[in-house]
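Bear in mind the structure is a predicted one, so any value in this text is a computation, not a measurement. No hydrogens, no waters, no symmetry mates; every other heavy atom, side chains included, goes into these values.
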Amino acid sequence: MVPAKLILQEAWATEANWDLPLPDELQSRFSAWYRGLSCISQLKFERRIGYGKRDSWSLHIFCDASKNAYATVIFLRSESSGQVYVKFVAAKSRISPLKKVTIPRLELLACVLGSRLAKYVVTALSLKEVPTYYWTDATVALCWIQREENWGVFVNNRVKEIRIEEKTKSEIILWSIEQKKHFQEKENSVHGLQVVRGDDDVLRVKTRIIERDDDLSFLYPILLPSKHYLTECLIREYHLKYCHAGVQILAAKLRLQYWIFSSKRNIRSCVSRCVVCKRFTAKALTTPPIQLPLDRKAKATCQELKVGDIVLIELENKKRVMWPMGKIEKIYSSRDGASRVVQVRTSSGCLTRPIQKLYPLEVSTSGDPVLTLTTENRSRYGRLYKSSKK
């Protein structure tokens, strides 16, 4: 079907109207493909694909790609009476998109296609206990799948899909082995918990909310032993996955799929050993205060102002251009002889302000009648208030 798909893709790429004939080259290719359909009747496939005991069976998934298409095919290998049988199981192909894609990315798409098809075949034919092997000659795609790095959105999404399927299958096998070592099932009960054994040979807790419309993994969580290495690895994985979350968040996230005996105690133990969490939760080092050096013990002197200087008066709630201007009329001295407060005459009256709030201008009113401030009272709009005469 790949040649027919390519012909159809090229036909659409021409953007020709329905009433117009296709180019001669496409017509000749389609005619040749159509004449070859008569050979399909000669293809024969055996209905039986496996021989001997299932212990000798194995699934082999082959993935490959070219610049025009990518495909995957699955074979089942079995042994019986000293003979080896390799039978075709399923195959799937897709053509490359019109937008040019590099060959390594097409090889990765072939791997994703093989992973999806293998999952479907394993479920449909009940081959979960049969070993599965994936084959590809794409070294770049293998590097993407095997290495934990940030490869970009396109590659990361497809690598994640491949890993999740393989990881889920391997986890189920590990949990089944460890449950048989640590739990003794008696009348569908383990340590007082009602359990059921699923088709994947894994013990799951039968919770009280099984009538709820929710995921089966939440209604029937996997039973895990306490203080076990694999359980600690799972907790550490979730701890890193959720950005070093605390005990409560981890307990809620793990409960969606797993039932761990003494879960909070195990989670608290793993979190307390996290080096990153220790670094950020550790108390800061404190040292006793030391004496100031001699050059910093001298008394700070205020700026030198004298009567008659013109200054800007700082207002914290206004910009600098809106600060009023004033003239120093009087300087107040403290008990130690230092001057810290002055009396300033402004256009609206007299103010008492600290020297730190005053900024002197490089002008002087001595002998300059222009800068002489008057005591006229004006409104905010500049209107002069007239004094009432009695």
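Cys277 and His239 get closest at one heavy-atom pair: SG-NE2, 3.2 Å. Across all non-hydrogen atoms, the minimal contact from Leu22 to Ala11 is CD2-CB, 4.0 Å. The two atoms that bring Ser93 and Val2 nearest to each other are OG-CG2, 3.3 Å, heavy atoms only. When every heavy atom of Val271 is checked against every heavy atom of Ala245, the shortest pair comes out as CG2-O, 4.4 Å. The shortest non-hydrogen separation linking Ser334 to Arg340 is OG-NH1, 3.2 Å. Nearest heavy-atom pair, Ile222 versus Ile172, reported as atom, atom and distance to 0.1 Å: CD1-CD1, 4.2 Å.
There is no path of hydrophobic side-chain contacts, each under 4.5 Å, that joins Ile95 to Ile7. Linking Ile, Leu, Val, Met, Phe, Trp and Tyr whenever their side-chain heavy atoms come within less than 4.5 Å leaves Trp57 and Phe62 in two separate clusters. Residue Trp323 is grouped with residue Met325 when hydrophobic side chains (ILVMFWY) are merged at heavy-atom distances under 4.5 angstrom, including chains of intermediate members. Linking ILVMFWY side-chain heavy atoms closer than 4.5 Å, directly or via other members, places Val202 and Val205 in two distinct hydrophobic clusters. By the criterion of side-chain heavy atoms lying less than 4.5 angstrom apart, applied directly or through intervening Ile, Leu, Val, Met, Phe, Trp or Tyr residues, Phe280 is not grouped with Leu240; the two fall into different hydrophobic clusters.
Leu109 is not listed as a side-chain neighbour of Arg94, based on a closest heavy-atom distance of 4.5 Å or more. Residues Ser226 and Arg265 have side chains not in contact (no heavy-atom distance under 4.5 Å, counting atoms from C-beta outward). Within the 4.5 Å cutoff, no side-chain heavy atoms of Trp144 are placed close to those of Cys111. Counting heavy atoms from C-beta on, the side chains of Leu315 and Met322 never come closer than 4.5 Å. In this structure, Leu108 and Tyr70 have side chains that are not in contact, with every pair of non-hydrogen atoms separated by 4.5 Å or more. At least one side-chain heavy atom of Phe261 sits under 4.5 Å from a side-chain heavy atom of Leu193. Between Cys350 and Gln343 the shortest side-chain heavy-atom distance falls below 4.5 Å. Counting heavy atoms from C-beta on, the side chains of Leu358 and Ile313 come closer than 4.5 Å.
The aromatic rings of Tyr242 and Tyr238 sit tilted, their planes meeting at an angle between 30° and 60°. In this pair, His228 and His182 present their aromatic rings perpendicular. The plane angle is above 60°, beyond the 30 to 60° band. Classification of the Phe30-Tyr34 ring pair by plane angle, with boundaries at 30° and 60°, yields parallel.
Between the side chain of Asn266 and the backbone N or O of Lys227, at least one donor-acceptor pair lies under 3.5 Å. Side-chain atoms of Ser176 do not come within 3.5 Å of backbone N or O of Ile173 as any donor-acceptor pair. In terms of modelled atom types and a separation under 3.5 Å, the side chain of Asp336 and the main chain of Ala338 share a donor-acceptor contact. In this structure, the side chain of Asn156 engages the main chain of Trp151 through a donor-acceptor pair within 3.5 Å. Side-chain atoms of Arg335 do not come within 3.5 Å of backbone N or O of Gly337 as any donor-acceptor pair.
From Phe88, atom CZ reaches atom CD1 of Ile74 across 8.5 Å, with rounding to the nearest 0.5 Å. We find the CG-CZ distance between Leu224 and Phe183 to be 7.0 Å, quoted to the nearest 0.5 Å. Atoms OG and CG, from Ser28 and Leu26 in turn, are 7.5 Å apart once rounded to the nearest 0.5 Å. Atom NZ of Lys119 sits about 13.0 Å away from atom CD1 of Ile162, to the nearest 0.5 Å. Interatomic distance, CD of Gln179 versus CZ of Arg197, reported as 7.0 Å (0.5 Å rounding). Note that CD of Glu171 is 11.0 Å distant from SG of Cys233, once rounded to the nearest 0.5 Å.
Counted by atom type alone, Arg35 and Ser31 present zero donor-acceptor pairs between their side chains at under 3.5 Å.
Heavy atoms from other residues, nucleotides or ligands lying under 6.0 Å from CG of Leu43 number more than 12. Environment of CD in Glu211: sparse, with no more than 12 heavy atoms of neighbouring residues, nucleotides or ligands closer than 6.0 Å. Shown here is Glu25, whose CD atom has more than 12 heavy atoms of other residues, nucleotides or ligands within 6.0 Å.
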Set out, in order, the CA-CA distance, both residues' side-chain angles and the distance that settles side chain to side chain contact (heavy atoms under 4.5 Å, CB included) for Tyr258 and Lys253, then state yes or no. CA-CA 9 Å; Tyr258 306 97; Lys253 294 296 183 181; over 6 Å; no
Check the pair Thr231, Leu234 against side chain to side chain contact (heavy atoms under 4.5 Å, CB included), reporting the backbone distance first and the verdict last. CA-CA 5 Å; Thr231 305; Leu234 178 66; 5.6 Å; no
Pair Arg353, Glu314 - check salt bridge (Lys or Arg N to Asp or Glu O under 4.0 Å), show working. CA-CA 9 Å; Arg353 290 290 184 270; Glu314 179 184 352; over 6 Å; no
Going through the checks in order, is the side chain to side chain contact (heavy atoms under 4.5 Å, CB included) test met by Asp64 and Glu107? CA-CA 6 Å; Asp64 201 0; Glu107 296 279 6; 3.4 Å; yes
Intermediate values then yes/no, side chain to side chain contact (heavy atoms under 4.5 Å, CB included), Tyr85 and Ser56: CA-CA 10 Å; Tyr85 300 89; Ser56 64; over 6 Å; no
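Under the rule for a side-chain contact (heavy atoms from CB on, under 4.5 Å), the partners of Val247 that lie at least two apart in sequence or sit in another chain are Lys264, Ile267, Arg268. Applying the salt bridge (Lys or Arg N to Asp or Glu O under 4.0 Å) criterion to Asp214, with sequence neighbours excluded, gives Arg212.
A cation-pi arrangement is present between Arg255 and Phe218, with the terminal nitrogen or guanidinium carbon under 6.0 Å from the aromatic centre and inside a 45° cone about the axis. Figure legend: cation-pi geometry between Arg320 and Tyr359, with NZ or CZ positioned under 6.0 Å from the six-membered ring centre and within 45° of its axis. Judged by the 6.0 Å and 45° rule, Arg158 forms a cation-pi pair with Phe154.
Exactly one of Val89, Leu76, Leu59 qualifies for a side-chain contact (heavy atoms from CB on, under 4.5 Å) with Leu125. That residue is Val89.
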